[in-house]
Amino acid sequence: MNRATSRTDQLPAVEIDSASLQYGSAIVAFRGRQSDGYYDPPHTHDRGQFSYRIEGFSVVQTPGRSIFLPPGRGVWIPADVVHEVTCRGPAAYNAFYVDPFAASQPETVRVITVSPLLHALVECLLDEKPSARSERHALVMQLILDEIGQAEDIGATAPVMPKSPRLRTVSDCLYMDPACQLDLDAWAADAGMSRRSFTRAFREETGLSPGKWHLQLRMHHVDGMLAQGLTLQQAAFQLGYSSVASLGRAYSRTFAGSRLSSDVTGPARNSGPPDLRRR
């Protein structure tokens with residue numbers, strides 16, 4: 001299986017140590033990049049944290065939730081909540097920390113689709129000069145927190161990643177190329193295992209058969225693709241489906257009857273920024 005290439009393949013990792021940030025404001029925004037395979041072990045922050053991917057994919061583990069973050073999807077983590085991050089392929093992201101006493105903010109972990117307004121507000125903070133601490137800054141901060149608090153928590157619990165290196169050879173490639181059409185025999189061969197051994201080991205480590213795991217993975221890409229401005233037709237094609245109807249049926253089975261809107265210009269599922277990447 002060929003791994004997809006990203007613009008971030010050409011960029012060095014910039015892994016932010018939050019302890020090194022200069023907290024001159026109630027909200028501190030920054031841009032970061034992470035290398036393929038980057039892992040941030042379980043930790044907490046004394047501030048609330050919001051981050052979303054511009055490019056690349058990652059999995060954030062919080063108590064009781066394994067959260068898949070494709071481009072266009074963000075996660076809010078309140079202060080003092082234990083979490084860990086694993087990066088699948090190079091990733092670029094926007095993030096900020098908020099003083100828990102500075103303003104009203106969500107009290108629980110939230111996974112949301114990043115709206116064009118939220119993305120623009122975060123970019124405003126990122127481009128603001130460090131000395132620019134004004135009433136406008138406070139208003140932008142409060143509006144950002146309102147956007148996060150009012151957005152629907154979409155859940156987005158990710159399929160569990162296998163831990164053994166041979167199985168990860170397959171799962172990591174599927175993360176990067178969810179439309180992969182290789183069959184079970186090809187996956188087993190890539191892992192250097194027999195079909196039976198591969199299937200048994202995969203189920204033991206993830207709780208799902210390889211086929212069901214792949215289906216869940218593909219469905220978790222859908223909202224992120226729509227958030228980037230892709231149409232349902234484009235999302236279906238990029239995920240390996242022959243039609244929007246077949247994608248919709250798979251989505252409904254995966255998310256307990258939830259339906260994709262056929263109105264690709266409507267706000268319900270296509271409200272994200274057309275392209276989060278900076279030029």
Side-chain angles (χ1 to χ4, degrees), residues 14-34 40 43-55 58 60 62 67 69-83 85 91-154 156 223-224 226-229 266-279:
V14 179
E15 294 154 3
I16 303 295
D17 176 8
S18 62
S20 69
L21 295 173
Q22 298 299 311
Y23 292 128
S25 171
I27 185 168
V28 179
F30 59 93
R31 298 182 177 95
R33 296 191 296 273
Q34 293 165 335
D40 197 2
H43 63 283
T44 64
H45 302 290
D46 60 2
R47 292 183 167 219
Q49 176 189 15
F50 182 75
S51 67
Y52 61 97
R53 296 308 179 259
I54 307 299
E55 293 187 64
S58 62
V60 178
T62 65
I67 300 161
L69 292 181
R73 183 180 295 164
V75 59
W76 166 264
I77 301 175
D80 301 321
V81 171
V82 177
H83 58 284
V85 181
Y93 65 96
N94 287 346
F96 59 81
Y97 294 108
V98 185
D99 187 322
F101 304 107
S104 176
Q105 51 196 267
E107 297 180 355
T108 60
V109 174
R110 297 181 59 81
V111 183
I112 68 172
T113 297
V114 178
S115 68
L117 174 59
L118 179 55
H119 176 59
L121 290 167
V122 174
E123 285 288 315
C124 178
L125 283 181
L126 289 166
D127 293 336
E128 191 176 54
K129 295 180 180 179
S131 60
R133 300 292 180 252
S134 61
E135 181 179 356
R136 175 177 177 273
H137 178 89
L139 290 172
V140 170
M141 178 185 73
Q142 188 57 61
L143 189 51
I144 286 174
L145 295 176
D146 287 346
E147 280 289 294
I148 294 172
Q150 294 181 21
E152 178 186 2
D153 186 337
I154 61 175
D223 286 330
L226 298 183
Q228 288 188 286
R269 289 201 174 272
N270 197 32
S271 59
D275 189 347
L276 298 179
R277 294 173 296 179
R278 291 176 64 82
R279 301 302 184 185

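Note: Tyr93 and Phe30 have perpendicular aromatic rings, judged against thresholds of 30 and 60 degrees for the angle between ring planes. The aromatic rings of Tyr52 and His119 sit perpendicular to each other, their planes meeting at more than 60°, with 30° as the lower class boundary.
Of all the heavy atoms in Cys124 and Arg136, the pair that sits closest is SG-NH2, 3.1 Å. Residues Leu69 and Gly74 share a closest heavy-atom pair of CD2-C, 4.0 Å. Minimum heavy-atom separation, Ser51 to Ala95: CB-CB, 3.7 Å. The heavy-atom pair separating Pro71 from Ile54 by the smallest distance is CB-O, 3.6 Å.
The distance from atom CG of Asp146 to atom CG of Leu117, rounded to the nearest 0.5 Å, is 10.5 Å. For the atom pair CG of Leu139 and CD1 of Ile144, the computed distance is 11.5 Å after rounding to the nearest 0.5 Å. One finds the CD1 atom of Ile77 at 11.5 Å from the OG1 atom of Thr108 (value rounded to the nearest 0.5 Å). Remark: Ile112 CD1 to Arg73 CZ distance equals 11.0 Å, nearest 0.5 Å. With values rounded to the nearest 0.5 angstrom, Arg47 atom CZ is found 5.0 Å from Asp99 atom CG.
Side chains of Leu125 and His137 form a contact here, defined as non-hydrogen atoms less than 4.5 Å apart. Contact check for Gln105 versus Met141: no side-chain heavy atoms found under the 4.5 Å cut-off. Side-chain contact between Ile67 and Thr62 is present, with heavy atoms from C-beta onward closer than 4.5 Å. In this structure the side chain of Leu145 never reaches within 4.5 angstrom of the side chain of Ser104, judged on heavy atoms.
A distance-only check finds a donor-acceptor pair linking the side chain of His43 to the backbone of His83 [under 3.5 Å]. Between the side chain of Trp76 and the backbone N or O of Ile148, no donor-acceptor pair lies under 3.5 Å. Checking side-chain atoms of Glu152 against main-chain N and O of Val111 turns up no donor-acceptor pair under 3.5 Å.
A salt bridge links Asp127 with Arg31: at least one charged nitrogen is closer than 4.0 Å to a carboxylate oxygen.
Counting only N and O atoms by type, the side chains of Ser58 and Gln34 include no donor and acceptor under 3.5 Å apart.
Proximity of the aromatic rings of Phe50 and Tyr97 is defined here by a centroid distance below 6.0 angstrom, and this criterion is not met.
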